S.K.: 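Mind having a look at this structure? Questions to follow.
Computation of the quantities below employed the complete heavy-atom set of this structure, encompassing side-chain atoms and omitting hydrogens, waters and symmetry-equivalent molecules. In this text the structure is predicted, and so the values were computed from the model without any measurement. The chains referred to below are lettered A, B, ... by the order of the sequence lines, with proteins before strands, and numbering in each begins at 1.
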2 protein chains.
Amino acid sequence: MAKLDFGPIADTTRRAEIVALLRRAILTGQLEPGQKLNELRISEQMRVSRAPLREAMRELVQEGILTSIPYAGTFVIDVTAKDIIDAYSLNKVLDEFAIELAWPQRDQRFFDELDRRHEAVKQATRAVDTTRQIETALQLHGLIYEWADNSVLLETWQRLTSRLQMYFALHQRALNEPVPAEGVHETYVALLKGADMRAAQHHAREHIDVDFEELLAYARGLEKRTSKN
Amino acid sequence: MAKLDFGPIADTTRRAEIVALLRRAILTGQLEPGQKLNELRISEQMRVSRAPLREAMRELVQEGILTSIPYAGTFVIDVTAKDIIDAYSLNKVLDEFAIELAWPQRDQRFFDELDRRHEAVKQATRAVDTTRQIETALQLHGLIYEWADNSVLLETWQRLTSRLQMYFALHQRALNEPVPAEGVHETYVALLKGADMRAAQHHAREHIDVDFEELLAYARGLEKRTSKN
DNA sequence: GACAAGCAGATTGTCGACAATCCAGCAAGA
DNA sequence: TCTTGCTGGATTGTCGACAATCTGCTTGTC
């Protein structure tokens with residue numbers, strides 16, 4: 001008999017499903033920054049009572065993509081240019097660290113997974129599914145964190161990723177054009193397969209900076225718009 | 001009239017108070033790792049209904065110091081040696097980054113605050129209040145993060161700090177002797193006041209390693225004990 | 001017309017009760 | 001003896017209703 005190790009069974013609480021639904025709505029930009037979440041309205045739409053909805057919202061507040069003001073409401077976080085700068089500069093540091101840790105851990109499974117995720121990005125790009133394109137690109141990026149074998153680092157990166165995904169989605173929705181980043185992933189994947197760790201670390205920085213400039217320009221636009229109100 | 005900027009007034013929801021109470025109980029080790037939190041019992045003790053208690057617990061789960069298994073219960077996280085290693089190695093990286101960012105931001109207020117917090121540590125040490133000693137030491141350490149002017153970094157460090165505080169408290173409770181770290185803070189403070197950034201970064205690593213070895217030994221003891229069960 | 005007090009509506013926070021699920025223990029059968 | 005199925009009690013998940021708070025408008029007064 002083949003050796004099968006079963007993972008934990010799916011969470012079947014309403015709360016978990018609500019969290020997933022809300023997170024997706026926020027990260028894809030369907031819920032816009034600053035927007036208020038009306039508990040009664042949402043609970044009726046989802047055919048759920050307010051209790052599990054509120055618990056789900058509390059989780060997302062701690063996750064950093066919602067913000068809560070007592071007796072006033074819960075809102076999608078606002079996105080400022082500084083937030084994006086901060087997130088990206090931290091991401092650089094974490095990337096270097098993750099590559100350093102993951103480097104000696106690379107094995108055949110790592111390379112296979114690398115190819116698989118790279119393929120997923122290319123497929124999403126061909127299908128012009130921008131939302132999925134962002135998701136797959138971040139998953140490709142996250143591989144080094146999964147292989148770094150540092151649970152705290154992984155958890156930290158996942159929190160950061162939530163925001164980055166939101167920023168990209170907003171950027172994409174605002175401009176309504178696909179994210180470029182065509183050949184960038186090619187060299188990234190190639191370097192992770194190579195033998196020069198420092199080169200991979202260096203490229204991670206550059207790669208980030210490419211998208212960063214574009215995203216930052218968008219954020220500055222946001223700043224001006226919100227300051228008008 | 002003097003320019004006064006008022007901060008937000010205190011949260012007056014039961015939920016917020018419950019979060020504070022539970023967090024403190026966990027971080028001081030009054031609630032032991034792996035221990036189950038019975039909702040009914042705690043809500044009765046606190047004279048609160050289960051709704052705000054559950055919401056508070058959801059926050060602490062996302063904060064990383066509780067873990068929840070659907071229909072089974074919510075538990076204080078287990079502490080493994082690997083967790084401590086992971087947290088500390090990430091802390092090193094973040095420290096270097098924080099010092100780099102905070103370095104040019106140092107001003108008179110920074111130095112004053114540095115002295116103030118250093119004094120608080122010494123006072124707690126003299127009073128042999130170990131819980132407060134841990135708190136103040138971490139607050140001293142956190143100054144560079146507050147001055148780094150990177151909200152995401154600060155938030156990340158605060159999450160990490162929760163765990164570190166818990167680890168130290170457990171360590172202290174287990175050995176029932178005050179944490180040494182007497183002269184270490186002296187040089188740390190002196191270096192942050194100095195002109196050599198690289199030296200400060202380097203010391204931060206060493207300083208960490210001192211406590212680290214001790215803490216790690218304790219964690220390995222934990223490992224053995226739990227593996228016996 | 002300007003401004004403060006107060007009221008009504010809406011929304012969030014909290015509560016107590018019910019439903020769904022789990023777990024330990026026991027009984028029945030192979 | 002081991003396994004399987006059942007059952008009662010305890011605990012978590014969810015619900016609907018009530019209380020506390022905020023907000024905008026109205027009203028009354030100057």
S.K.: Is it true that A:Arg132 and A:Glu135 make a salt bridge, defined as a side-chain N closer than 4.0 Å to a carboxylate O?
M.R.: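 Salt bridge flag = yes for A:Glu135 with A:Arg132.
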S.K.: Side chains of A:Asp95 and A:Tyr145 only: does a donor on one sit below 3.5 Å from an acceptor on the other?
M.R.: yes
S.K.: If the threshold is 4.0 Å, N to carboxylate O, is there a salt bridge linking B:Glu146 and B:Arg117?
M.R.: yes
S.K.: Indicate whether the side chain of B:Gln133 and that of B:Asp129 have a donor and an acceptor atom separated by less than 3.5 Å.
M.R.: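 B:Gln133 vs B:Asp129: no donor-acceptor pair found between side chains.
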S.K.: Rounding to 10°, can you tell me the angle the first-five-pair axis of the helix from C:dG1-D:dC30 to C:dA30-D:dT1 makes with its last-five-pair axis?
M.R.: 0°
S.K.: Between B:Glu55 and B:Arg58, does any side-chain N to carboxylate O distance fall below 4.0 Å?
M.R.: no
S.K.: For the CD1 atom of A:Ile77 and the CG atom of A:Asp83, what is their distance to the nearest 0.5 Å?
M.R.: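 One gets 6.5 Å once the value is rounded to the nearest 0.5 Å.
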S.K.: Can you build the contact string for nucleotides 11-16 of chain D? Use B for base contact, S for sugar-phosphate-only contact, and - for no protein heavy atom under 4.0 Å.
M.R.: SBBBB-
S.K.: Salt bridge check: are A:Glu113 and A:Arg109 linked by an N-O gap of less than 4.0 Å?
M.R.: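 Judged by the 4.0 Å cut-off on N to carboxylate O distance, A:Glu113 and A:Arg109 do not form a salt bridge.
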